[in-house]
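A short write-up of the structure that comes next.
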Amino acid sequence: MPADLAVIGLGHLGLPLAQAAVAAGIPTVGYKTGPEGGSLTAAELRRMLSGGFRTTTNPAELGRVRTAVICAPTPRGAAGALELSQVEAAARTLAARLRPHTTVILESPVYPGTTEEFLRPLLEEGSGLRAGRDFHLAYSPSRVDPGNRDFGSANTPKVIGGLTPACTESAAAFYGRLTDKVVRARGPREAETVQLLETNYRHVNIALVNEMAVLCNDLGVDLWDVIRCAETKPFGFQAFRPGPGVGGHAVPQDLTGHSGRTLRMVELAQQVNNHMPQYVIQRAATLLNEHGKSARGARVLLLGVTYKQDLADQQGSPAHEIALRLMELGASVSYHDPHVPAWSVLDRPIPRADSLYEAAADADLTILLQQHRTYDLQGLSVKAQLLLDTRGATPTGAAHRL
């Protein structure tokens, strides 16, 4: 069956898009740009394949579709700026096969202006076609939230900014097959900046509540009760919760490495959030000392080493830094995670606890880093000798909470 859609890049952005397209009955081909993987389960992938989805490494397939969406990753480079080399490679591969009337959409996280100033020239030079005249070009920020049971592709509005009004409408026609609502931005720059604002909004608010966690601990105030009360306000407040650090694929974006402009609030938020793993270590060492034990030689059990609840993805998980710092202090570290059968830190395998309760009872300190739904936190709080809850998931008074 000829494909109607090509998703270029089958990582944490591309696979969910392909999944939504297959569910909507759109013949879809996934073009692999390298070693990739997302948060979909094996069962979900099997359903996609049975629905007609197929993957390819043959660039010729890209010249047979009506819509091509670039979902290549844009990790941080050595200087902290977004690395666009994989977007460039995807664009050059697509440009060599690009046909007139094709709709090309970029979903990768990028800086404002990337679609027009970076992607457009690559596509035009490689194809001999002109964007806005011979083919449609648009940007749409990805709003993937892995594991979210309330909001998926169908009920999450999709923002679109096209190079021309016709480009916007062509992209809107495509996304209208996947979602209940399409929001039209004035252009690609506005759509790109939506992604910038949404990502930084999350990080800034997490940084605020992380600072509140440190302050409340110093003051002897129950932060979790503060948040419980504050979120009853029906306007002007959205509840965020602290944690041992910020993980995931959506990294905060400061424009320093791109345009020389600094978003001071984002820069400060990064500093606050990056300090949280060290703060967890400080709290852990203090708890051990208060109970007559030293971090050196202490048996420490880490629960949940993924970046998000009920997922196997470890991208950016603070568990790695926390484990490393504990080992540097001389602690004996083990872990338990129902989604991670084997785990290593700097190529050093970390022992995995087979029996959660036995391991918690044996450990001098248990640190809850991720509250997977399979964890019986009430039972855990009874079995553990000493429990530090970094997620506020245990019943009040059952553990020491961040």
Side-chain angles (χ1 to χ4, degrees), residues 3 5-14 17-18 28-36 55-79 81-142 159-168 170-171 174-175 185-196 253 255 257-259:
L5 165 68
V7 177
I8 306 174
L10 298 179
H12 71 284
L13 301 180
L17 174 62
T28 303
V29 62
Y31 182 78
K32 293 184 177 182
T33 58
E36 299 166 330
T55 61
T56 185
T57 55
N58 180 9
E61 297 268 9
L62 303 179
R64 302 168 185 164
V65 298
R66 290 192 295 177
T67 305
V69 184
I70 298 175
C71 297
T74 53
R76 284 193 181 277
L82 295 181
E83 174 58 61
L84 301 179
S85 60
Q86 295 186 64
V87 172
E88 179 180 359
R92 292 188 184 280
T93 301
L94 174 62
R97 286 89 184 167
L98 192 61
R99 297 186 308 170
H101 311 301
T102 303
T103 298
V104 180
I105 304 167
L106 177 63
E107 279 206 11
S108 304
V110 294
Y111 295 114
T114 300
T115 302
E116 293 175 271
E117 299 169 8
F118 182 80
L119 180 60
R120 178 182 181 177
L122 291 172
L123 294 174
E124 291 184 337
E125 291 169 9
S127 66
L129 304 176
R130 182 176 174 182
R133 185 191 68 185
D134 303 315
F135 68 93
H136 299 297
L137 179 62
Y139 182 83
S140 180
S142 177
V159 174
I160 298 158
L163 188 65
T164 66
C167 291
T168 297
S170 180
F174 164 69
Y175 284 115
R186 287 195 172 188
R189 289 174 185 268
E190 285 76 14
E192 291 162 336
T193 310
V194 168
Q195 183 269 328
L196 180 75
Q253 290 185 27
L255 299 179
H258 173 65
S259 62

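Because only heavy atoms are used, hydrogens play no part in the values below, and waters and symmetry mates are left out as well, while side chains stay in. All values reported here derive from a predicted model rather than from experimental measurement.
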Pair Glu117 + Arg189, salt bridge at N-O below 4.0 Å: yes

Hey, are the side chains of Tyr139 and Glu116 touching, using non-hydrogen atoms and a 4.5 Å cut-off? no

So which heavy atom on Leu13 is nearest to which on Pro109, and how close? CD1-CD, 3.7 Å

Taking every heavy atom of Ala185 against every heavy atom of Ala191, the minimum-distance pair comes out as CB-N, 4.0 Å

So do the side chains of Glu61 and Asn58 get within less than 4.5 Å of each other, counting heavy atoms only? yes

Sequence neighbours excluded, which residues qualify as side-chain hydrogen bond (donor to acceptor under 3.5 Å, both in side chains) partners of Ser140? Lys158

Any sub-3.5 Å donor-acceptor pair from Glu83's side-chain atoms to Pro75's backbone N or O? no

Within the structure provided, determine whether Leu98 and Leu129 are in side-chain contact (heavy-atom separation under 4.5 Å). yes

For Ala95, check side chain to side chain contact (heavy atoms under 4.5 Å, CB included) against everything at least two apart and list the hits. Leu123

Would you check if Phe174 and Thr103 make a side-chain contact, meaning some heavy-atom pair closer than 4.5 Å? no

Could you check whether any side-chain N or O of Thr55 sits under 3.5 Å from a backbone N or O of Gly30, counting only pairs where one atom can act as donor and the other as acceptor? no

For a quick test of reading the model, state the closest non-hydrogen atom pair linking Leu17 to Glu107 and the distance between them. CD2-OE2, 4.0 Å

Gap between atom CG of Leu62 and atom OG1 of Thr93 - 0.5 Å precision: 7.5 Å

Can you confirm whether Leu5 sits close enough to Val65 that some side-chain heavy atom of one is under 4.5 Å from a side-chain heavy atom of the other? no

Quick check: closest heavy atoms across Gly132 and Thr164, and the distance to 0.1 Å? CA-CG2, 4.0 Å

Are Thr114 and Glu192 close enough that some pair of their side-chain heavy atoms sits under 4.5 Å apart? yes

Does Cys167 offer a backbone N or O that forms a donor-acceptor pair with the side chain of Ser170 under 3.5 Å? no

Could you walk me through whether Leu119 and Ile70 pass the side chain to side chain contact (heavy atoms under 4.5 Å, CB included) test, one step at a time? CA-CA 10 Å; Leu119 180 60; Ile70 298 175; 4.0 Å; yes

Within the 4.5 Å heavy-atom criterion, are Val69 and Tyr175 side-chain neighbours or not? yes

Test side chain to side chain contact (heavy atoms under 4.5 Å, CB included) on Phe118 and Val87; report intermediate values, then the result. CA-CA 9 Å; Phe118 182 80; Val87 172; 4.2 Å; yes

Nearest 0.5 Å, what's the CD1-CD1 distance between Ile105 and Ile160? 6.5 Å

So, for Val110 and Leu82, which heavy atoms are closest and what is the spacing to 0.1 Å? CA-CD1, 3.9 Å

Would you please test Leu122 and Glu88 for side chain to side chain contact (heavy atoms under 4.5 Å, CB included) and show each step? CA-CA 8 Å; Leu122 291 172; Glu88 179 180 359; 3.9 Å; yes

Step through the shown structure and confirm whether more than 12 heavy atoms of other residues, nucleotides or ligands are within 6.0 Å of CZ on Arg66. no

Between CG of Leu163 and CZ of Arg130, what distance do you get to the nearest 0.5 Å? 9.5 Å

Under a 4.5 Å cut-off applied to non-hydrogen side-chain atoms, are Val7 and Thr28 in contact? yes

Cys71 and Ser108 have their tightest heavy-atom pair at C-OG, 3.4 Å

Just verifying a value: how many Å separate Arg186 CZ and Thr193 OG1, rounded to the nearest 0.5 Å? 13.0 Å

Keeping Arg120 on the side-chain end and Thr115 on the backbone end, is there a donor-acceptor pair under 3.5 Å? no

